[in-house]
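Everything below concerns the one structure shown next.
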Amino acid sequence: MDDTKYPASITKILTTLIAIEHSRPSEKVTFSANAVYGIEQGSSNIGIRLGENLTMEDCLYGMMLESANEVCVAVAEHISGSVDAFVELMNQKAASLGCTNTHFTNPNGLPDENHSTTAHDMALIGAAVFQQEEFRTIEQSLSHTIPPTNLVNEARTFQQNHKMLYANNQYYYEYYVGGKTGFTDQAKTTLVTFADNGELQLVAVNLHSYGANVYTDTKAMFEYVFQNFKKVSLENEMDSRQ
C-alpha cells in the first residue's frame, strides 16, 4: 500500500475536495487559453471553449463523471490564480490528511514523472472527500447535463464512467456509493471506489492495474472486509471485561 505509483485521473478526487472547500457551487468559472489548449491532445475533455463560463457545480460534475482535464485546469486557476499555486495547495492538503508519499504536479493527473502517490495516501484523500455531501451526490449520479452557456446554445450531457454503479452490467456492486476511474499509458488503470453496506463505509484503491481487473479486485477487497470485520464499541468492550 506504500509503493509509489502514478495515479492518473484519480488525482481529480483531491482537486474536487479542494474545490468544494474553497468555492460555492454557483460561482462562475471562466475558461482561459491555458485551460482549453494546454491539456494533452486527445485526453479526456468536454469540449469547453475559450472564454466559456460554467458554474463550479457543473465543473465538479465534469471532473468527476467525464474526467475532463480542461475543467481541472480552469478550476485550479479560478481558485488559486494559477495552476502552480493550486498544485501547492493540493500538496499542502494531502500532507494535512496524513499523506507521506504523495507529490502532485498538476490538478488532473496527466503524465508527469514527478506526479505520484500511494494506495494508502489515496485512501486517506478518498476518506476525506467522502465526508462531503456534495461529493457523494455527484458520485451517485449516472449522468449530468450542462445547460446552455454564454458561448454554447444547447445543453450537453455526459455520463458516469465507473461501471460499479450500473445495474445492467457485470461489474455492478450493490454497496457502491462512489468512485473515480483513471488511465494513462504510464499509470495503467487506476481506481478509487467507495462502498457502504449500512454498517461499514469503506474506500478501496487500485493502482497500476489492468482493464476491468480493477472492478473484480475492488469487489474482492470489499467483500473480504464486509465478511470478516465489524465495528466494535471500545466503551462496551471495556465494560464487558470489568
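Everything quoted here is computed from the prediction, not taken from an experiment.
Residues L17 and Q132 approach most closely at CD1-CG, 4.0 Å, considering heavy atoms. The nearest pair of heavy atoms linking A76 to P107 is CB-CG, 4.1 Å. Nearest heavy atoms, L14 versus M90: CD2-O, 3.5 Å. Here the closest non-hydrogen pair linking C59 and L54 is SG-CB, 3.9 Å. Of all non-hydrogen atoms in L151 and G51, the two that sit nearest each other are CD1-C, 3.6 Å. Between A19 and V75 the shortest heavy-atom distance is CB-CG1, 3.9 Å.
Using a distance-only test at 3.5 Å, with no hydrogens or angles considered, no donor-acceptor pair links the side chain of T145 to the main chain of T157. A donor-acceptor pair is defined here as one N or O able to donate and one able to accept, closer than 3.5 Å; such a pair exists between the side chain of E70 and the backbone of I46. Here the side chain of Y166 pairs a donor or acceptor atom with the backbone of Q160 at under 3.5 angstrom. The closest donor-acceptor contact from the side chain of S80 to the backbone of E77 lies at 3.5 Å or more, if one exists at all. Remark: side-chain polar atoms of N213 are paired, donor with acceptor, to backbone N or O of Y210 under 3.5 angstrom. No donor-acceptor pair closer than 3.5 Å links the side chain of E139 to the backbone N or O of V177. Side chain of S141 to main chain of T137: a donor-acceptor pair is present (N/O by atom type, distance under 3.5 Å, no hydrogens or angles). Proximity of a side-chain donor or acceptor of N197 to a complementary backbone N or O of L200 within less than 3.5 Å is detected.
For the pair Y175 and F222, the minimum side-chain heavy-atom distance is 4.5 Å or more. Counting heavy atoms from C-beta outward, P7 and F104 have side chains that approach closer than 4.5 Å. Using a 4.5 Å cut-off on side-chain heavy atoms (C-beta onward), T181 and S67 make no contact. Between M64 and I13, some side-chain heavy-atom pair lies under the 4.5 Å cut-off. Side-chain contact between H120 and L124: present, with at least one pair of heavy atoms (C-beta onward) separated by less than 4.5 Å. With contacts defined as side-chain heavy-atom distances shorter than 4.5 Å, the pair L191/K180 does not qualify. A 4.5 Å side-chain heavy-atom check between E27 and E57 finds every atom pair outside the cut-off. Residues R49 and V152 have side chains in contact (heavy-atom distance under 4.5 Å, counting atoms from C-beta outward).
Between E21 and K93 a salt bridge is recorded (basic side-chain N to carboxylate O distance below 4.0 Å).
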Where do F183 and T190 land on the side chain to side chain contact (heavy atoms under 4.5 Å, CB included) test, with the steps shown first? CA-CA 6 Å; F183 176 82; T190 63; over 6 Å; no
Steps toward side chain to side chain contact (heavy atoms under 4.5 Å, CB included) verdict (N45, I39): CA-CA 9 Å; N45 68 87; I39 62 172; 4.1 Å; yes
Before you tell me yes or no, could you show the steps for L207 and I10 under side chain to side chain contact (heavy atoms under 4.5 Å, CB included), namely the whole-Å CA-CA distance, both residues' side-chain angles and the distance that decides it to 0.1 Å? CA-CA 10 Å; L207 299 176; I10 60 173; 3.6 Å; yes
Side chain to side chain contact (heavy atoms under 4.5 Å, CB included) between E113 and Q186: does it pass, once the steps are laid out? CA-CA 9 Å; E113 62 180 10; Q186 295 85 349; over 6 Å; no
Side chain to side chain donor-acceptor pair (under 3.5 Å) assessment of T118 paired with D3: CA-CA 6 Å; T118 68; D3 289 349; over 6 Å; no
Apply side chain to side chain donor-acceptor pair (under 3.5 Å) to the pair H103 and N114, showing each step before the final yes or no. CA-CA 7 Å; H103 182 262; N114 295 314; 5.9 Å; no
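A donor and an acceptor atom, one from each side chain of H162 and T193, are located under 3.5 Å apart. With 3.5 Å as the limit, one finds a donor-acceptor pair spanning the side chains of Y173 and E223. A donor-acceptor pair shorter than 3.5 Å can be found between the side chains of N69 and K12. Looking at D58 and T55, their side chains do bring a donor and an acceptor atom within 3.5 Å of each other. Defined by atom type and a distance below 3.5 Å, a donor-acceptor pair is present between the side-chain atoms of H115 and T11.
For the pairing with D121, the side-chain hydrogen bond (donor to acceptor under 3.5 Å, both in side chains) check across N101, T4, T102 returns one residue only, T102.
Between Y176 and F194, the gap from one ring centroid to the other reaches at least 6.0 Å. Ring centers of Y37 and F31: at least 6.0 Å apart, outside the cut-off.
Here the OG1-CD1 distance, from T15 to I20, works out to 11.0 Å after rounding to the nearest 0.5 Å. The CG atom of L60 sits 4.5 Å away from atom CD1 of I138, with the distance rounded to the nearest 0.5 Å. Annotation: the span from Y215 atom OH to Y172 atom OH amounts to 14.5 Å, rounded to 0.5 Å.
More than 12 heavy atoms of other residues, nucleotides or ligands sit less than 6.0 Å from atom CD of Q131. Around CG of N169, the count of heavy atoms belonging to other residues, nucleotides or ligands within 6.0 Å exceeds 12. The number of heavy-atom neighbours closer than 6.0 Å to NZ of K219, taken from other residues, nucleotides and ligands shown, is 12 or below.
With sequence neighbours left out, E52 forms a salt bridge (charged side-chain N to carboxylate O under 4.0 Å, His left out) with R156.
Both cation-pi conditions hold for R136 and F130: the charged atom is under 6.0 angstrom from the six-membered ring centre and inside a 45 degree cone around its axis.
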